[in-house]
Amino acid sequence: MTKKELKEFLDEKVIQYNNLDFIESDPVQIPHLFTQKEDIEIAGFLSASIAWGNRKMIIKNSHKMMELMGNTPYDFVMSHSEEDLAGLETFVHRTFNGQDFAGFIKGLQHIYKNHNGLEAVFAKHQEQDSLQKSIHEFKKIFFETDHLPRTQKHISDPMNGSAAKRINMMLRWFCRQDTKGVDLGIWKTISPSALSCPLDVHSGNVARKLGLLSRKQNDGKALVELDLKLRELDPNDPVKYDFALFGLGVFEGF
């Protein structure tokens, strides 16, 4: 395919998958349950944090997280008691357990009490065409509170070579404002042009087959390579192509 043909093909796939039907099979449905900005942010952050493995299980366990917080995530984060945190102990999703969940609640409270919330932290450290430094700085601030060392592994750090798929997915949810109804577009201080594609086994394999990616590992270096190619196709909204790559991989077995 020529570059023009590739863009036309991917643009068609974006239209095919970036619509309300996408929500019912994706964890983005969790933040869609809420209307208050902080509730949306916390629901999105927590559900994105456990977004690996079986998609149905991710969604089921994300709903369980919300239920354990009384379906009022911001209120729970800001006013929980030790007894409330003890009530999270039964939670488990793969290697993310109730102790990790409690540590995340403490980290979120720290972010909202002392750093003006999630958006402010990510916006403060953004670069013109990248939010990877923002993710690195966010992780440092998030873990300034008491936490188990094991909990740190549940937030990836691009400065350690990670593609940080889950946080990049969350940033897509919060920053893209395209009126299609999937991404929430609640953050106005970060341009969609700075977003990176959530790179996983599905999007990576499709990107390689389409000639958008040559690196074999789905790591930070691969993300930089893919970002450059997607910005050539649409510099203003490069991660809209996540819908195309993911849809082709998961739903079409491309």
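As a basis for the values below, the full set of heavy atoms in this structure was taken, side chains included, without hydrogen atoms, waters or symmetry mates. Numbers here are sequence positions counted from 1.
A salt bridge links Arg176 to Asp178: at least one charged side-chain nitrogen sits closer than 4.0 Å to a carboxylate oxygen. We find that Lys64 and Glu67 are not joined by a salt bridge, their nearest charged nitrogen and carboxylate oxygen being 4.0 Å or further apart. Taking the charged nitrogens against the carboxylate oxygens, Lys240 and Asp234 do have a contact shorter than 4.0 Å, which makes a salt bridge.
Side-chain contact, Lys13 with Gln16: a donor N or O sits under 3.5 Å from an acceptor N or O. Under 3.5 Å, the side chains of Asn54 and Arg94 contain no donor-acceptor pair of N or O atoms.
The local environment of NZ in Lys37 is crowded, with over 12 non-hydrogen atoms from other residues, nucleotides or ligands closer than 6.0 Å. The local environment of NZ in Lys221 is sparse, with at most 12 non-hydrogen atoms from other residues, nucleotides or ligands closer than 6.0 Å. Counting heavy-atom neighbours within 6.0 Å of Glu83 CD, excluding the residue itself, gives a total of 12 or less. The neighbour count for Lys153 NZ, taken as heavy atoms of other residues, nucleotides or ligands under 6.0 Å away, is above 12.
When all heavy atoms of Ile15 and Asn19 are compared, the pair lying nearest together is O-ND2, 3.5 Å. In plain terms, the two heavy atoms of Ile105 and Leu88 that are nearest each other are CG1-CD1, 3.9 Å. Minimum interatomic distance between Lys139 and Ile155 (heavy atoms only, all atoms of both residues): NZ-O, 2.6 Å. Heavy-atom minimum distance, Ala51 versus Pro27: CB-CG, 4.5 Å. In this structure, Gln128 and Ala194 approach most closely via the heavy-atom pair O-CB, 3.8 Å. Considering every non-hydrogen atom in both Ala123 and Thr189, the closest pair reads CB-OG1, 3.4 Å.
A donor-acceptor pair is defined here as one N or O able to donate and one able to accept, closer than 3.5 Å; such a pair exists between the side chain of His93 and the backbone of Ile50. A donor-acceptor pair is defined here as one N or O able to donate and one able to accept, closer than 3.5 Å; no such pair exists between the side chain of Arg172 and the backbone of Ser196. Using modelled atom types, one side-chain atom of Asn97 and one backbone atom of Asp100 make a donor-acceptor pair closer than 3.5 Å. Listed for the Glu89 side chain is no donor-acceptor partner under 3.5 Å among the backbone atoms of Gly98. In this structure a side-chain-to-backbone donor-acceptor pair under 3.5 Å is missing from Glu127 to Lys133. Proximity of a side-chain donor or acceptor of Ser203 to a complementary backbone N or O of Phe246 within less than 3.5 Å is not detected. Side-chain atoms of His125 never come within 3.5 Å of backbone atoms of Phe122 as a donor-acceptor pair (strictly under, hydrogens ignored). Listed for the Gln177 side chain is a donor-acceptor partner under 3.5 Å among the backbone atoms of Trp187. A distance-only check finds no donor-acceptor pair linking the side chain of Glu12 to the backbone of Phe9 [under 3.5 Å]. Remark: the backbone N or O of Ala163 is paired with a side-chain donor or acceptor of Asn168 at under 3.5 angstrom.
Of the residues listed (Tyr112, Tyr74, Trp173), the one engaging Glu41 in a side chain to side chain donor-acceptor pair (under 3.5 Å) is Tyr112, and it is the only one. With His147 as the partner, the side chain to side chain donor-acceptor pair (under 3.5 Å) test is satisfied by one option alone out of Lys106, Gln99, Gln152: Gln152.
With sequence neighbours left out, the ring-ring contact (aromatic ring centres under 6.0 Å, His included) criterion links Phe254 to no other residue. Under the rule for a side-chain contact (heavy atoms from CB on, under 4.5 Å), the partners of Lys229 that lie at least two apart in sequence or sit in another chain are Leu212, Glu232. For Phe91, the ring-ring contact (aromatic ring centres under 6.0 Å, His included) criterion is met by Phe101, not counting sequence neighbours.
Hydrophobic clustering (ILVMFWY, side-chain heavy atoms < 4.5 Å, transitive): Met1 and Leu226 are in one cluster. Under the 4.5 Å side-chain contact rule for hydrophobic residues, Leu46 and Ile30 share a cluster. Hydrophobic clustering (ILVMFWY, side-chain heavy atoms < 4.5 Å, transitive): Leu131 and Phe142 are in one cluster. Val92 and Met65 are not part of a single hydrophobic cluster, where members link through side-chain heavy atoms under 4.5 Å apart. At a threshold of 4.5 Å between side-chain heavy atoms, the hydrophobic network of Ile, Leu, Val, Met, Phe, Trp and Tyr places Val121 and Ile42 in one connected group.
Between the CD atom in Glu82 and the NE2 atom in His80 there is a gap of 6.5 Å [rounded to 0.5 Å]. Separating the NE2 atom in His202 from the CG atom in Asp242 is a distance of 11.5 Å, to the nearest 0.5 Å. One distance of note links OG of Ser47 with CG of Asn61; it measures 11.5 Å at 0.5 Å rounding. To the nearest 0.5 Å, the span separating CE on Met66 from CG on Leu33 amounts to 8.0 Å. Remark: Ser162 OG to Gln132 CD distance equals 8.5 Å, nearest 0.5 Å. With rounding to the nearest 0.5 angstrom, the CG atom of Asp200 is 9.5 Å from the CG atom of Leu245.
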Would you please test His154 and Thr95 for side chain to side chain contact (heavy atoms under 4.5 Å, CB included) and show each step? CA-CA 9 Å; His154 293 296; Thr95 62; 3.3 Å; yes
In sequence, state the C-alpha distance, the side-chain angles, and the governing distance for Glu119 and Ile186, and then conclude on side chain to side chain contact (heavy atoms under 4.5 Å, CB included). CA-CA 9 Å; Glu119 181 178 4; Ile186 57 170; over 6 Å; no
Kindly determine whether Leu184 and Phe34 satisfy side chain to side chain contact (heavy atoms under 4.5 Å, CB included), including the steps that lead there. CA-CA 11 Å; Leu184 295 127; Phe34 302 95; over 6 Å; no
Run the side chain to side chain contact (heavy atoms under 4.5 Å, CB included) check on Phe138 and Ile111 step by step: do they pass? CA-CA 9 Å; Phe138 163 74; Ile111 293 285; 4.0 Å; yes
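Between Asn116 and Lys124, the closest side-chain pair of non-hydrogen atoms is not below 4.5 Å. A 4.5 Å side-chain heavy-atom check between Leu10 and Leu248 finds at least one atom pair inside the cut-off. Proximity of Phe174 to Ile190: side-chain heavy atoms (C-beta onward) are nowhere separated by under 4.5 Å. Side-chain contact between Arg208 and Asn218 is present, with heavy atoms from C-beta onward closer than 4.5 Å. In this structure the side chain of Asp39 never reaches within 4.5 angstrom of the side chain of Asp75, judged on heavy atoms. Side-chain contact between Leu199 and Lys165 is absent, with no heavy-atom pair separated by less than 4.5 Å.
Ring-plane geometry between Phe104 and Phe45 is classed as parallel, the angle between the planes falling under 30 degrees on a 0 to 90 degree scale with a further cut at 60.
Checked against a 6.0 Å centroid threshold, the rings of Tyr17 and Phe251 count as neighbours.
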